[in-house]
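Comments concern the structure below.
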Amino acid sequence: MDVRDLTAVEIADLLDAAWREDQGEAVRGPDQETSMSLADRLGCNEDRHAEAWAAWS
């Protein structure tokens with residue numbers, strides 16, 4: 001999955017799925033490669049990070 005093409009809402013959905021999976025819910029989060037790409041993207045782009053956080057909140 002190319003995370004560069006995702007909207008803030010789509011990123012928020014992935015973050016939510018990852019969080020729920022970490023909490024033990026029966027939800028499948030993104031695979032390891034997607035998670036790493038997403039972390040890199042959000043870590044390098046403060047605007048996208050803020051947009052995704054706002055969408056998730």
Side-chain angles (χ1 to χ4, degrees):
M1 172 181 295
D2 190 349
V3 297
R4 294 175 296 177
D5 297 331
L6 298 177
T7 67
V9 173
E10 291 169 325
I11 291 171
D13 287 344
L14 285 175
L15 293 173
D16 187 66
W19 183 80
R20 290 177 186 278
E21 183 178 40
D22 285 348
Q23 296 303 307
E25 293 185 26
V27 175
R28 185 167 183 196
D31 61 37
Q32 185 70 23
E33 182 180 342
T34 301
S35 293
M36 296 301 292
S37 294
L38 187 57
D40 184 52
R41 172 102 167 118
L42 294 176
C44 294
N45 188 324
E46 290 183 25
D47 291 335
R48 179 58 77 189
H49 182 265
E51 291 170 356
W53 179 254
W56 192 26
S57 299

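Predicted model, so just to flag it, every value in this text is computed and none were measured.
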(request) Just jot down the side-chain contact (heavy atoms from CB on, under 4.5 Å) partners of Asn45, sequence neighbours excluded, or say none. (result) Arg41, Asp47, Arg48
(request) Check whether any side-chain N or O of Glu51 sits under 3.5 Å from a backbone N or O of Ala8 as a donor-acceptor pair, and report yes or no. (result) no
(message) Suppose we screen for salt bridge (charged side-chain N to carboxylate O under 4.0 Å, His left out). Which residues come up paired with Asp16, at least two apart in sequence or across chains?
(response) Arg20
(request) Sequence neighbours left out, what passes side-chain contact (heavy atoms from CB on, under 4.5 Å) with Thr7? Give chain and number order. (result) Val9, Glu10
(message) Would you say CD of Gln23 has more than 12 non-hydrogen atoms from neighbouring residues, nucleotides or ligands within 6.0 angstrom?
(response) yes
(request) Looking only at non-hydrogen atoms, find the nearest pair between Ala52 and Ala12 and report the distance. (result) O-CB, 3.8 Å
(message) Using the rule that Ile, Leu, Val, Met, Phe, Trp and Tyr join whenever any side-chain heavy atoms are under 4.5 Å apart, tell me whether Leu14 and Met36 fall into a single cluster.
(response) no
(request) Indicate yes or no: at least one non-hydrogen side-chain atom of Val3 is less than 4.5 angstrom from one of Ile11. (result) no
(request) Find the distance between CG (Asp40) and OG (Ser35) and round it off to the nearest 0.5 Å. (result) 12.5 Å
(message) Give me the atom names and distance for the closest heavy-atom approach of Gly29 to Glu21.
(response) N-OE1, 3.3 Å
(message) Less than 4.5 Å apart, side chain to side chain, heavy atoms only: is that true for Leu38 and Leu15?
(response) yes
